[in-house]
Amino acid sequence: MGVQIKDIVPIQESSLEQLQGKIIAIDAMNTLYQFLSIIRQSDGTPLKDSKGRITSHLSGLFYRTSNLIEKGIRPVFIFDGEPPELKSKTIETRRTLRAEAEKARKKALKEGKEKEALKYAQRSARLTEEMSGESKTLLDAMGVPWIQAPEEGEAQAARLTQNEDSWAAGSQDFDSLLFGAPRLLRNLTITGKRKLPGKDVYKEIVPEVISLEKLSEEQEITREQLIAIGILVGTDYNPGIKGIGPKRALKLVQEHGTISDILEAEEDLEFEVDPIEIEEIFLEPNVTDDYEVSWSEPNPDAIKEFLCEEHDFSESRINTGIERLEKGASKRSQESLEKWV
DNA sequence: CCTAGTTA
DNA sequence: TAACTAGGG
């Protein structure tokens with residue numbers, strides 16, 4: 001879910017053209033989960049191969065990534081490691097919600113309520129260890145780099161961006177800002193249309209850039225204060241305070257300062273988790289500088305072996321994807337030649 | 001989500 | 001050429 005601070009964040013609309021040549025550290029879990037939940041038939045059934053294994057995540061990953069590469073955008077995918085101990089409660093809650101959604105899905109399907117079934121199927125989507133592994137295999141074959149984070153992927157993506165090894169952290173969630181990412185990129189999609197939740201209306205979607213510096217300037221808060229806002233409204237590590245949304249949290253923070261100042265001033269605030277511990281996770285996340293980021297030529301045989309032979313993808317569609325990857329690779333070598341002129 | 005074919 | 005739709009695995 002991530003921290004809900006959208007209402008106080010300044011958003012700059014961007015475009016795929018503006019992202020040309022830029023490296024984006026993409027939150028792999030966030031992206032794969034989105035594919036898994038959205039790429040489904042009208043009754044909620046995900047794409048599957050002939051052995052019944054789910055392939056929605058592979059479809060989304062392959063087609064979107066080859067498009068980005070063709071456009072000269074350089075994705076590096078960041079995979080989650082072991083979650084921090086404080087996240088276990090959230091993980092447990094999510095597990096329960098998924099199980100309930102799965103029950104509701106089956107019921108709706110039995111009653112012939114297709115739309116209901118789809119809604120609950122999307123809520124019950126679960127990204128497995130195996131799916132992450134398959135995604136890494138595919139990225140390797142495509143010549144696209146990925147990094148295994150020691151803990152949170154969002155934190156590692158933030159670190160790459162701080163290190164200027166990436167231009168932005170790519171995710172739909174805002175957490176990477178709290179982890180210190182100077183720039184966050186949302187809505188990195190190709191077709192630029194998305195169905196509004198619940199309704200049958202399609203809305204135009206464009207990439208959005210959020211600058212941490214601009215956010216700090218506009219709201220007159222530091223990163224520590226942004227973290228305090230997160231803790232007040234709720235993070236993956238705590239439920240937040242009832243009745244406090246981003247606007248009220250912002251006021252509290254502007255009035256008092258960081259989370260420890262707020263604790264002193266507002267003694268009646270009750271936290272289920274020690275706020276100082278949460279602040280520590282965001283300020284000093286477990287990340288590594290031991291990584292490599294480089295793109296290479298795609299391996300068509302490996303891609304076809306994996307997607308077509310193993311998972312029953314259509315060879316002609318995969319071929320156009322491979323062409324896009326190759327086009328991107330030649331674009332890169334052209335650019336590196338030009339650097340030496 | 002994205003592709004590819006259809007339609008106006 | 002854009003808007004729409006069915007189907008992908």
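Heavy-atom basis, side chains included; hydrogens, waters and symmetry copies ignored. Every chain is numbered from 1 and lettered A, B, ... according to where its sequence line falls, protein lines coming before strand lines.
At a threshold of 4.5 Å between non-hydrogen side-chain atoms, the residues Lys103(A) and Ser124(A) do not count as touching. Residues Asp165(A) and Ile23(A) have side chains not in contact (no heavy-atom distance under 4.5 Å, counting atoms from C-beta outward).
Remark: aromatic rings of Phe282(A) and Tyr237(A) are close, center separation under 6.0 Å.
Counting any heavy atom pair closer than 4.0 Å across all strands shown, Thr191(A) reaches a base atom. At a threshold of 4.0 angstrom between heavy atoms, the contacts of Ser314(A) are confined to the sugar-phosphate backbone, with no base atom among them.
Atom NE2 in His57(A) sits roughly 16 Å away from atom C1' in dC2(B) (whole-Å rounding). Rounded to an integer number of Å, the gap from CG of Leu58(A) to C1' of dC2(B) is 14 Å. Distance His311(A) NE2 to dG8(C) P: 18 Å, rounded to the nearest Å. For the pair Ile318(A) CD1 and dG8(C) C1', the interatomic distance rounds to 10 Å; values are reported in whole Å. Spacing between atom CG of Leu61(A) and atom P of dG9(C) amounts to 15 Å, rounded to whole angstrom units. Distance, Arg317(A) CZ to dC1(B) P: 16 Å, rounded to whole Å. One can place CG of Leu36(A) at 15 Å from C1' of dC2(B), the figure rounded to the nearest angstrom. Nucleotide dG9(C) holds its C1' atom 15 Å from the CZ atom of Phe35(A), rounded to whole Å.
The side chain of Asn67(A) contributes an N or O atom lying less than 4.0 Å from OP1 or OP2 of dT3(B). Dashed line: the shortest gap from a side-chain N or O of Ser59(A) to OP1 or OP2 of dG8(C) is not under 4.0 Å. The side chain of Arg40(A) contributes no N or O atom lying less than 4.0 Å from OP1 or OP2 of dC2(B). Arg64(A) has no side-chain polar atom (N or O) that falls below the 4.0 Å cut-off from OP1 or OP2 of dC1(B).
The pair Glu102(A)-Arg105(A) counts as a salt bridge, with a side-chain nitrogen and a carboxylate oxygen less than 4.0 angstrom apart.
Interface remark: the Gln41(A) side chain does form a donor-acceptor pair with the dG9(C) base, using a distance-only criterion of under 3.5 Å.
With a 6.0 Å cutoff to the six-membered ring centre and a 45° limit on the axis angle, Lys6(A) does not count as a cation-pi contact of Phe174(A).
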